[in-house]
Amino acid sequence: MTSAPDPHELPVEPAASVEARSAGAPAAAAEPARTLSDLPAGLLGAELLRPVSPKLIPARYVGGIAGNVFWLLLIIAAIVGTVLTGWWWIAACGLLPLVIIVQSLLFTPRRVRAIGYLDGEEDLTIASGIMFRSVHTIPYGRVQSVKIGEGPVERRYGLATLTLTTAAGGGTETLPGLPKAEAERLRALLTDRGIELMAAL
């Protein structure tokens with residue numbers, strides 16, 4: 001004769017099923033530690049921003065060739081001067097150009113990925129920088145002029161730079177690395193919204 005189970009008693013799972021479940025199911029993975037990075041959530045304001053074109057990375061490498069060649073010549077001159085004179089401090093003078101070249105090659109991709117923008121209903125937000133991060137919000141009504149520019153390197157990669165002049169002290173903001181169609185869209189947007197807001201005043 002069997003008795004009805006006590007409703008307050010917790011059910012006991014057979015040991016065999018517990019072993020089978022523990023053997024078949026993988027252990028829960030530990031949650032990874034959150035770290036501050038440049039991609040993109042680790043940056044101030046970056047979670048809502050649109051990135052600029054990744055073509056800006058090779059464009060900046062190409063545009064920096066002349067400067068890097070100049071610094072490289074200074075390094076060679078420092079080495080030759082040290083060999084001819086035997087003065088070690090001349091070689092030490094070549095360390096600064098070396099640091100400039102290395103940081104330019106290493107950090108250009110990170111600097112480009114840190115640039116972002118967002119065209120909202122009433123303002124345009126532009127962000128840039130990694131170590132020294134800046135996020136600027138520009139109301140459409142304060143935009144006095146909008147200019148699109150492109151150099152030979154930018155033209156080669158199909159990019160353009162948007163330059164804004166604001167009413168507050170005649171300050172300027174630049175947004176590089178935009179595809180030409182996107183730069184034209186933003187220029188038209190800023191112009192139209194600015195006219196609408198000025199007409200409403």
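The structure presented is a predicted model; accordingly, all values stated were derived computationally and were not measured. Atom set for the values below is all heavy atoms of this structure, side chains included, hydrogens, waters and symmetry mates excluded. In this chain, numbering begins with 1 at the start of the sequence shown.
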Taking a hydrophobic cluster as the set of Ile, Leu, Val, Met, Phe, Trp and Tyr residues connected by side-chain heavy atoms closer than 4.5 Å, whether directly or through intermediates, do [X] and [Y] fall within one such cluster?
| X | Y | value |
| --- | --- | --- |
| V99 | I75 | no |
| I101 | L106 | yes |
| L84 | I76 | yes |
| L74 | L98 | yes |
| V102 | L72 | yes |

Going from [atom1] on [X] to [atom2] on [Y], what distance comes out if it is rounded to the nearest 0.5 angstrom?
| X | Y | atom1 | atom2 | value |
| --- | --- | --- | --- | --- |
| Y117 | L49 | OH | CG | 10.0 Å |
| E150 | L159 | CD | CG | 9.0 Å |
| T125 | L175 | OG1 | CG | 11.0 Å |
| R50 | L118 | CZ | CG | 6.5 Å |
| I115 | L178 | CD1 | CG | 9.5 Å |
| R60 | L56 | CZ | CG | 4.5 Å |

Intermediate values then yes/no, salt bridge (Lys or Arg N to Asp or Glu O under 4.0 Å), R185 and D119: CA-CA 11 Å; R185 184 190 72 83; D119 49 312; 3.2 Å; yes
Could you report the tightest heavy-atom contact between [X] and [Y], atom names first, then the distance?
| X | Y | answer |
| --- | --- | --- |
| A114 | G129 | CB-O, 3.6 Å |
| R133 | A127 | NH2-CB, 3.5 Å |
| K180 | A160 | CG-CB, 4.5 Å |
| G81 | I90 | O-CD1, 4.0 Å |
| H136 | S134 | NE2-CB, 3.7 Å |

Mark yes or no for whether [X], through its side chain, and [Y], through its backbone, hold a donor-acceptor pair below 3.5 Å.
| X | Y | value |
| --- | --- | --- |
| R113 | V52 | no |
| R193 | E121 | yes |
| T165 | T172 | no |
| Y61 | L105 | yes |
| S104 | I100 | no |

message: Quick one, I130 and F107 - any side-chain contact, counting heavy atoms below 4.5 Å?
response: no
message: Are the side chains of L190 and V146 in contact, using a 4.5 Å heavy-atom criterion?
response: yes
message: Given Y140, which partner from the list T191, D192, L124 fulfils the side chain to side chain contact (heavy atoms under 4.5 Å, CB included) test?
response: L124
Option passing side chain to side chain contact (heavy atoms under 4.5 Å, CB included) with E184 (candidates I148, L189, L162):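 Among the candidates, only I148 passes.
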query: Quick one: do the T166 and Q144 side chains pair a donor with an acceptor below 3.5 Å?
result: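 Checked: T166/Q144 side chains show no N/O donor-acceptor pair below 3.5 Å.
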